[in-house]
Peer 1: 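The structure that follows is given in the form of structure tokens.
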Amino acid sequence: MAGGVCFQTNVHTVSQTSPSPGISLIHNFPHEAEISSVSSTDSSNGPSNYSRNVQAAFGPLNDVHIPTRLMENFLEIASDNTKKDIETCGVLGAIICQALQEEEMFAILHGQSLFPIGWIHTHPSQTCFMSSIDLHTQYSYQVMVPEAIGIVMAPTDTSRAYGIFRLSDGGKKILKDCPEKGFHLHKEPVDGSPLYGDCSNVYINSCLRLEIFDLR
């Protein structure tokens, strides 16, 4: 889903309001891309919680490529909030082949000719999973782009440092008809599939441009 052209890059500051200056992190990458698949085992640092035989529940999707340092850089930016047990959330934009300051974020995406391909957020003191609120947020992205991903960073979870998730087809039907807000339980899809699962079509690509705008 992301372009495969290498960029010569640097680091610069983006002017914005307090409490912290917006940072645009851009990196130099080699001309030869290194691409590796993110399996459910990689993302969980252990056995997947979801059986491989339920992958059909997620339907055919295009591949999604993410920059090598995306998750590492995001954790660095979120570190102060993480220490205070505060979640940090970001929107992922990509070239295609419920958050604070929504208008500013989508203005940046539009200005860069990018599509919202998902989101990334931290669980400072929780385990790596998608809460009911997370599932509703993920649904809003998958309605726009079927390939949209939700990345959960859980720095204190010793069994699973991060997860790259997507709602199943059955999960989307459940979330579409769910009127509740806040933390609540969801029923399981009638086809027996999980509400959500690890993405099987995500690749880490060393040749992609990464730019982070901090809007805090």
Peer 1: Which atoms form the tightest heavy-atom contact between T88 and A78, and what is the distance?
Peer 2: OG1-CB, 3.4 Å

Peer 1: Check whether any side-chain heavy atom of I133 lies under 4.5 Å from a side-chain heavy atom of F183, and answer yes or no.
Peer 2: yes

Peer 1: Distance-only, no hydrogens or angles: does the T156 side chain make a donor-acceptor pair with backbone N or O of P124 under 3.5 Å?
Peer 2: yes

Peer 1: R166 side chain to E147 main-chain N or O, any donor-acceptor pair under 3.5 Å?
Peer 2: yes

Peer 1: Search all heavy atoms of Y196 against all heavy atoms of M130 and return the closest pair with its distance.
Peer 2: OH-N, 3.1 Å

Peer 1: Between F129 and H123, does a ring-ring contact (aromatic ring centres under 6.0 Å, His included) hold up when you go through it step by step?
Peer 2: CA-CA 9 Å; F129 73 105; H123 280 186; 5.2 Å; yes

Peer 1: Quick one: does I66's side chain get under 4.5 Å of I164's, heavy atoms only?
Peer 2: yes

Peer 1: Are side-chain heavy atoms of M71 and I120 found at a separation under 4.5 Å?
Peer 2: yes

Peer 1: I'd like to check the side-chain hydrogen bond (donor to acceptor under 3.5 Å, both in side chains) partners of S125; sequence neighbours left out, ordered by chain and number.
Peer 2: D85

Peer 1: Measuring from atom CD of E87 to atom OG of S131, what distance do you get when rounded to the nearest 0.5 angstrom?
Peer 2: 7.0 Å

Peer 1: If hydrophobic clusters are built by linking Ile, Leu, Val, Met, Phe, Trp and Tyr wherever their side-chain heavy atoms come under 4.5 Å apart, do I149 and M144 end up in the same one?
Peer 2: yes

Peer 1: Using side-chain contact (heavy atoms from CB on, under 4.5 Å), reason through H136 and L175 one step at a time and then give a plain yes or no.
Peer 2: CA-CA 6 Å; H136 279 272; L175 271 295; 3.5 Å; yes

Peer 1: Where do H186 and S132 come nearest, in terms of heavy atoms and distance?
Peer 2: CE1-CB, 3.6 Å

Peer 1: Does some side-chain heavy atom of L70 sit less than 4.5 Å from a side-chain heavy atom of E72?
Peer 2: no

Peer 1: Hey, could you give me the CD/CD1 distance between Q142 and I117, rounded to the nearest 0.5 Å?
Peer 2: 10.0 Å

Peer 1: Write down the atom of F165, the atom of Q138, and the distance for their closest heavy-atom approach.
Peer 2: O-NE2, 4.0 Å

Peer 1: Between H184 (side chain only) and G182 (backbone N and O only), is there a donor and an acceptor less than 3.5 Å apart?
Peer 2: yes

Peer 1: So, taking the atom named CG in D63 and the one named SG in C199, what distance separates them when rounded to the nearest 0.5 Å?
Peer 2: 11.0 Å

Peer 1: Using side-chain heavy atoms (C-beta onward) and a distance below 4.5 Å, is F74 in contact with E76?
Peer 2: no

Peer 1: Mind checking the CD1-OG1 spacing from I77 to T82? Nearest 0.5 Å is all I need.
Peer 2: 11.5 Å

Peer 1: Is L135 close to L167 at the side-chain level, that is, under 4.5 Å between some pair of heavy atoms?
Peer 2: yes

Peer 1: Nearest 0.5 Å, what's the CG-NE2 distance between N201 and H65?
Peer 2: 9.0 Å

Peer 1: Hey, are D157 and R160 close enough for a salt bridge, meaning a charged N less than 4.0 Å from a carboxylate O?
Peer 2: no

Peer 1: Which heavy atom of S168 sits nearest a heavy atom of P189, and at what distance?
Peer 2: OG-CG, 4.5 Å

Peer 1: Does a side-chain heavy-atom distance below 4.5 Å link N205 with P67?
Peer 2: no

Peer 1: Mind checking whether V143 and I174 sit in one hydrophobic cluster, side chains of I, L, V, M, F, W, Y counted as touching below 4.5 Å?
Peer 2: yes

Peer 1: For residues L92 and I151, determine if any side-chain heavy atom of one lies less than 4.5 Å from a side-chain heavy atom of the other.
Peer 2: yes

Peer 1: Return the minimal non-hydrogen interatomic distance between L195 and K187, and the atom names on each side.
Peer 2: CD2-O, 3.7 Å

Peer 1: For residues D134 and T137, is any side-chain donor paired with an opposing acceptor at under 3.5 Å?
Peer 2: no

